[in-house]
Amino acid sequence: MASSTDLSAEAVVSAVRSNLVDVGFEVHPFKIGWYNEYVDKPYVLPYDPDTLAVLVISTPRMFEEAFKPFVCRQHCEGIKDPIDECVAHHFKLVKENFPAIEIEAIHDFELDLNRRPKILVQTAGHVAGAVFYYQRKDVVPDHWSENQKIYGVSVHPKYGGWFAFRGVLIFKTITCPELVKTAPPDVITDRNKRIELLEKYNMHWEDWSFRDIIPVTDKYSEEQKVYFATKPGERQVIVQKIKNSADNTSEQGH
Ligand code: B12
């Protein structure tokens, strides 16, 4: 267990990785200053620019390796969102690993008092060098009418759109002046392809097609797709099925 504040940033990141990678997450360090350079004032995080933060992403494996074991251990009735609770559980385990360090964990779904997201995970993913964030301004010359709102979307080099941002952990007392910034892989360089990506994400996101904009090494299982396509209030049935099939498997094993 890591317990001292004089831990190096490198040691912290490698300990966080060993907590999270085996259960299907990716961990990407960045400096708070890199993030703050891009975002507008209301989103600026109030820390020294060299403060260490890590972005946490869930890969397609997270459903099998973290979520299913989590729901099988828990009484999920009454839990607001089992995926969010599962991620919160794993963030808590990371925090417990560093009792001497003050850590702020910000989930992707958290809002501030003005109902703005507390963290813009796509920008964090870009500055961490993990996933390129394609925005309207990356299509030059512009393609849409002035009053049309086009939301940006991040594309993972291995999983395309088959991943989710889960949040950021900020290690308040750890600075990492030596961390080197790397550019995220620009996997969609062609203007027409960027237009296709942004239109699929903005206009047809429900058909999942934006997620396959590049060839991928792994994607969500059918069961995982069904889970995410189900309205949050109706997901309990699927959770129950996962629990039942785990019970059956363990009975067969005895
Ligand atoms: C609010 C929200 C929505 C809203 C509004 C969307 C929006 N982008 O504003 C609605 C409800 C419409 C929505 C819908 C969806 N969403 Co949504 N949503 C969010 C949420 C919670 C906040 C986004 C937000 O408000 N951003 C604020 C604006 C102002 O940020 P911005 O446009 O990026 O602007 C900043 C950057 O431009 C930056 N900046 C400036 N210059 C530069 C330069 C560079 C180089 C960089 C990197 C940055 C940068 O500064 C600006 C801020 O000052 C995020 C999670 C999160 N916490 O970020 C998920 C998120 C964007 N949603 C996501 C998804 C998947 C969806 C849906 C497909 C539904 C779903 N959950 O399955 C749909 C698809 C969109 C659609 N067609 O409707 C994913 C996207 C994943 C990805 N691959 O990119 C996210 C990241 C959630 C997650 N946990 O993974 N969403």
Side-chain angles (χ1 to χ4, degrees), residues 24-26 28 30-45 53 55-60 62-63 67 81 83-84 86-88 91 104-112 114-140 142 144 148-170 181-188 194-214 216 219-220 224-232 235:
F25 295 97
E26 277 184 6
H28 299 273
F30 64 97
K31 289 186 194 181
I32 289 291
W34 298 344
Y35 174 88
N36 283 347
E37 269 166 33
Y38 277 139
V39 298
D40 293 317
K41 254 215 175 107
Y43 300 104
V44 165
L45 297 167
L55 169 78
V56 180
I57 283 174
S58 60
T59 74
M62 185 276 293
F63 195 78
F67 184 62
D81 182 301
I83 290 270
D84 293 346
C86 168
V87 174
F91 280 10
E104 182 179 5
I106 313 179
H107 294 269
D108 61 303
F109 53 81
E110 282 188 72
L111 303 177
D112 68 14
N114 298 308
R115 306 207 51 79
R116 280 193 203 98
K118 278 194 182 175
I119 183 85
L120 300 180
V121 283
Q122 295 162 306
T123 295
H126 193 98
V127 301
V131 260
F132 202 105
Y133 181 31
Y134 294 97
Q135 306 183 71
R136 179 176 185 156
K137 55 184 169 231
D138 296 312
V139 172
V140 184
D142 189 50
W144 298 275
Q148 197 168 354
K149 180 76 206 154
I150 298 290
Y151 298 127
V153 57
S154 307
V155 178
H156 190 288
K158 270 163 66 185
Y159 307 120
W162 300 98
F163 76 98
F165 294 100
R166 295 302 174 186
V168 162
L169 299 164
I170 301 168
K181 194 175 181 195
T182 53
D186 180 1
V187 288
I188 304 173
R194 288 182 179 183
I195 294 171
E196 182 190 338
L197 168 70
L198 289 168
E199 295 203 331
K200 283 183 164 165
Y201 179 72
N202 280 269
M203 293 142 203
H204 310 285
W205 62 273
E206 277 170 311
D207 70 12
W208 305 92
S209 61
F210 79 86
R211 298 177 195 258
D212 281 318
I213 193 77
I214 56 164
V216 297
K219 56 165 87 173
Y220 293 175
Q224 185 170 178
K225 280 202 228 166
V226 171
Y227 183 87
F228 286 118
T230 304
K231 288 198 188 98
R235 290 177 180 171

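Note that ligands are numbered from 1 as they come in the structure, with each ligand's atoms numbered from 1 the same way.
The protein atom (non-hydrogen) at minimum distance from atom 30 (O) of ligand 1 is Leu120 CD1, 3.9 Å. Among all non-hydrogen protein atoms, the one lying nearest atom 41 (N) of ligand 1 is Lys137 NZ, 3.1 Å. Taking atom 25 (O) of ligand 1 as the reference point, the nearest protein heavy-atom neighbour is Pro117 CG, 3.4 Å. In terms of protein heavy atoms, atom 87 (C) of ligand 1 is closest to Asp108 OD2, 4.4 Å. At the shortest separation from atom 16 (N) of ligand 1 among protein heavy atoms lies Tyr201 OH, 3.4 Å. The protein heavy-atom contact nearest to atom 83 (N) of ligand 1 is Ser154 O, 3.0 Å. Counting protein heavy atoms only, atom 70 (C) of ligand 1 is closest to Trp205 CZ3, 4.2 Å.
If you number the atoms of ligand 1 from 1 as listed, the ones under 4.0 Å from a heavy atom of Tyr43 come out as 27 (C), 29 (C), 52 (C), 53 (O). For ligand 1, the atoms lying closer than 4.0 Å to a non-hydrogen atom of Val153 are 82 (C), 83 (N), 84 (O). For ligand 1, the atoms lying closer than 4.0 Å to a non-hydrogen atom of Phe163 are 83 (N). Each of the following atoms of ligand 1 lies closer than 4.0 Å to a heavy atom of Gln122: 61 (C), 80 (C), 82 (C), 84 (O), 86 (C). Residue Asn202 has at least one heavy-atom neighbour below 4.0 Å for each of these atoms of ligand 1: 77 (N). Of all atoms in ligand 1, listed by their number and element, those nearer than 4.0 Å to a heavy atom of Ile119 are 56 (C), 57 (N), 58 (O). Listed by number with element, the atoms of ligand 1 under 4.0 Å from a non-hydrogen atom of Tyr133 are 31 (P), 32 (O), 33 (O). When each atom of ligand 1 is checked for a heavy atom of Thr123 under 4.0 Å away, the hits are 36 (C), 38 (C), 48 (C).
Counting heavy atoms of neighbouring residues, nucleotides and ligands inside a 6.0 Å radius, atom NZ of Lys158 does not exceed 12 of them.
There is no protein heavy atom closer than 4.0 angstrom to atom 11 (C) of ligand 1. For atom 61 (C) of ligand 1, a protein non-hydrogen atom is found at a distance below 4.0 Å. Per-atom contact check: atom 38 (C) of ligand 1 touches the protein, criterion being a heavy-atom distance below 4.0 Å. Under the 4.0 angstrom criterion, atom 3 (C) of ligand 1 counts as lacking any protein heavy-atom contact. Under the 4.0 angstrom criterion, atom 18 (N) of ligand 1 counts as lacking any protein heavy-atom contact. At a distance under 4.0 Å, no protein heavy atom can be found next to atom 91 (N) of ligand 1. Within a 4.0 Å radius of atom 64 (C) of ligand 1, the protein has at least one heavy atom. Shown here, atom 56 (C) of ligand 1 is in close reach of the protein: a heavy atom of it lies under 4.0 Å off.
For Ala105 against Glu110, the heavy-atom pair with the smallest separation is O-OE2, 3.6 Å. The nearest pair of heavy atoms linking Tyr38 to Thr123 is CB-CG2, 4.1 Å. Shown here for Ala130 and Ile57, the closest heavy-atom pair between the two residues is CB-CD1, 4.4 Å. Annotation for Pro157 and Val131: closest pair CD-CG1, 4.2 Å, computed over non-hydrogen atoms. Asp212 approaches Trp162 most closely through the heavy-atom pair OD1-NE1, 2.9 Å. Taking both residues in full, the closest heavy atoms of Thr230 and Arg235 are given as O-NE, 2.8 Å, listed atom of the first, atom of the second, then distance.
Side-chain contact between Phe132 and His126 is present, with heavy atoms from C-beta onward closer than 4.5 Å. Contact of the Arg136 side chain with the Asp142 side chain is registered, since non-hydrogen atoms from C-beta on lie closer than 4.5 Å. Tyr43 places a side-chain heavy atom less than 4.5 Å from the side chain of Pro117.
The pair Asp186-Arg194 meets the salt-bridge criterion, since a charged nitrogen lies less than 4.0 angstrom from a carboxylate oxygen.
Between Phe165 and ligand 1, a contact under 3.5 Å exists for at least one N or O pair.
For Tyr134 and Tyr201, the gap between ring centers reaches or exceeds 6.0 Å.
In this comparison of Glu37, His126, Gln135, His204, the heavy atom closest to atom 46 (C) of ligand 1 sits on Gln135. Counting heavy atoms only, Tyr151 comes closest to atom 9 (O) of ligand 1 of the residues Tyr38, Phe228, Tyr159, Tyr151.
The closest approach between a heavy atom of Met203 and any atom of ligand 1 is not below 4.0 Å. Under a 4.0 angstrom heavy-atom cut-off, Phe109 registers as lying outside contact with ligand 1.
Taking the six-membered ring where the residue is Trp, Phe228 and Tyr220 present tilted rings, their angle falling between 30° and 60°. Between His156 and Phe163, the ring planes lie tilted relative to each other; the angle falls in the 30° to 60° range.
Under the side-chain contact (heavy atoms from CB on, under 4.5 Å) rule, Glu199 has a single partner from Asn202, Leu197, Ile195, which is Ile195. Checking Phe109, Phe67, Phe25 one by one against Val87, the side-chain contact (heavy atoms from CB on, under 4.5 Å) holds for a single residue, Phe25.
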